[in-house]
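Structure, as C-alpha cells:
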Amino acid sequence: QVDVTAMARLFGYVDVTDSSFIAAVFSIAFNPLFWNVVARWEHKTRALSRVFGSPHAACYCLGAVILMLNCVRSHCFTEAMKSQPKLEGLDCHWGYYSGLAILAVGTLFVISSFLALGFTGTFLGDYFGILMEAKVTRFPFSVLDNPMYWGSTAVYLGWSLM
C-alpha cells in the first residue's frame, strides 16, 4: 500500500486548478518542446536556413523567438507564484534572502554560460550547422556539466522562495 499523506499535504499548498498555474505549467512544458522540435526539423530539412537566406539569420530568428517565449514563461510563472498560497515558514527575511542568494547564483551560471557559448552556441546553432571551434571547458562549464539548465532551475527556485 502507498502512503499518500505527503502528496496530499503538497496539494494543500498548490492550487492546480488556478488558471495562472495551468498557464505556467503549459509554458514551462511547451518552450523546450517547441525549440527542440523546431531545431531538429531545421537539422533535417534546412528549411529555416533557406527561408532566412543563411543559417546564421535563421538561428538568430529562432533565438529571438526563444527569448520571447522565455519572457512569456517568466511572466506566467510570476503570475502563478502570486496566486498560489504562501508557506508561512518561508514568508520571512531568511526565506527572502535565501531565495535571493539562490537566484543570484543561478543568474551567474546563466549569464556566464551565455558569455562562454555566445548567441549561436546558446540558441541551438549546432542544429543550423554553426559549430564552435572547440568544446567550451572554462567557467561555468568547468564547474557543472549543464550550467545553463542548473542556473535556470536555480533562478526559478530562488524566485519561488522570494
Side-chain angles (χ1 to χ4, degrees), residues 2 7 10-11 13-84 99-162:
V2 177
M7 189 61 94
L10 174 66
F11 281 117
Y13 292 114
V14 179
D15 180 6
V16 296
T17 62
D18 179 53
S19 61
S20 60
F21 178 82
I22 293 167
V25 168
F26 175 76
S27 66
I28 289 166
F30 175 77
N31 286 7
L33 177 67
F34 169 78
W35 70 62
N36 278 292
V37 167
V38 170
R40 288 170 190 261
W41 175 68
E42 166 63 17
H43 184 68
K44 286 184 178 188
T45 67
R46 298 291 183 226
L48 291 175
S49 293
R50 285 194 305 275
V51 167
F52 287 99
S54 78
H56 282 83
C59 183
Y60 277 97
C61 287
L62 178 60
V65 170
I66 290 170
L67 287 171
M68 286 188 281
L69 287 171
N70 285 344
C71 289
V72 171
R73 178 183 63 190
S74 294
H75 173 73
C76 291
F77 183 84
T78 301
E79 293 305 310
M81 288 295 102
K82 288 182 191 175
S83 68
Q84 293 295 310
L100 187 62
I102 293 169
L103 186 139
V105 170
T107 301
L108 171 70
F109 281 124
V110 169
I111 291 173
S112 60
S113 297
F114 178 80
L115 293 173
L117 294 172
F119 193 91
T120 57
T122 300
F123 292 106
L124 307 167
D126 52 337
Y127 287 90
F128 292 84
I130 306 166
L131 303 176
M132 302 195 67
E133 292 181 22
K135 182 178 179 179
V136 178
T137 57
R138 64 181 183 274
F139 183 83
F141 295 92
S142 60
V143 179
L144 291 170
D145 281 336
N146 299 296
M148 185 74 74
Y149 295 128
W150 285 111
S152 295
T153 302
V155 165
Y156 284 105
L157 174 62
W159 205 343
S160 299
L161 290 172
M162 290 173 61

Next on the checklist: Please evaluate residues L117 and F141 with respect to the criterion side chain to side chain contact (heavy atoms under 4.5 Å, CB included), reporting the C-alpha separation (whole Å), side-chain torsions for both, the decisive distance (0.1 Å), and the verdict.
Outcome noted: CA-CA 10 Å; L117 294 172; F141 295 92; 3.7 Å; yes
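Here CZ of R73 is found 10.0 Å from CD1 of I66. Values are rounded to the nearest 0.5 Å. Distance check, rounded to the nearest 0.5 Å: OG of S20 to CD of Q84 gives 6.5 Å. Remark: Y60 OH to I130 CD1 distance equals 7.5 Å, nearest 0.5 Å. The structure places CZ of F30 at 10.0 Å from CH2 of W35, a figure rounded to the nearest 0.5 Å. The NZ atom of K82 lies 12.5 Å from the CG atom of D18; values are rounded to the nearest 0.5 Å. Expressed to the nearest 0.5 Å, how far CG of L69 lies from CG of L62 amounts to 9.0 Å.
Inter-residue side-chain proximity for V65 and V38 is flagged as unmet; no heavy-atom pair is nearer than 4.5 Å. Put simply, the side chain of L48 reaches to within 4.5 Å of the side chain of W41, judged on heavy atoms.
Closest heavy-atom contact between L161 and I102: CD1-CD1, 3.7 Å. Shown here for L103 and M162, the closest heavy-atom pair between the two residues is CD1-SD, 4.1 Å. Between S27 and C76, the shortest heavy-atom distance links the atoms OG-CB, 3.7 Å. Nearest heavy-atom pair, F139 versus A116, reported as atom, atom and distance to 0.1 Å: O-CB, 4.2 Å. When all heavy atoms of G151 and F109 are compared, the closest pair comes out as CA-CB, 3.9 Å. When all heavy atoms are compared, the tightest approach of L124 to C59 is C-SG, 4.4 Å.
Residues passing the side chain to side chain donor-acceptor pair (under 3.5 Å) test with S49 are E42, sequence neighbours excluded. By the side chain to side chain contact (heavy atoms under 4.5 Å, CB included) test, M148 pairs with V110, S113, F114, T122, sequence neighbours left out. Taking K135 as the reference, nothing meets the side chain to side chain donor-acceptor pair (under 3.5 Å) condition, with sequence neighbours excluded.
Using a 30° and 60° split on the angle between ring planes, F123 and F119 fall in the tilted class, from 30° to 60°.
Residues W159 and F77 bring their aromatic ring centres within 6.0 Å.
Residues Y156 and S74 bring a donor and an acceptor atom of their side chains to less than 3.5 Å of each other.
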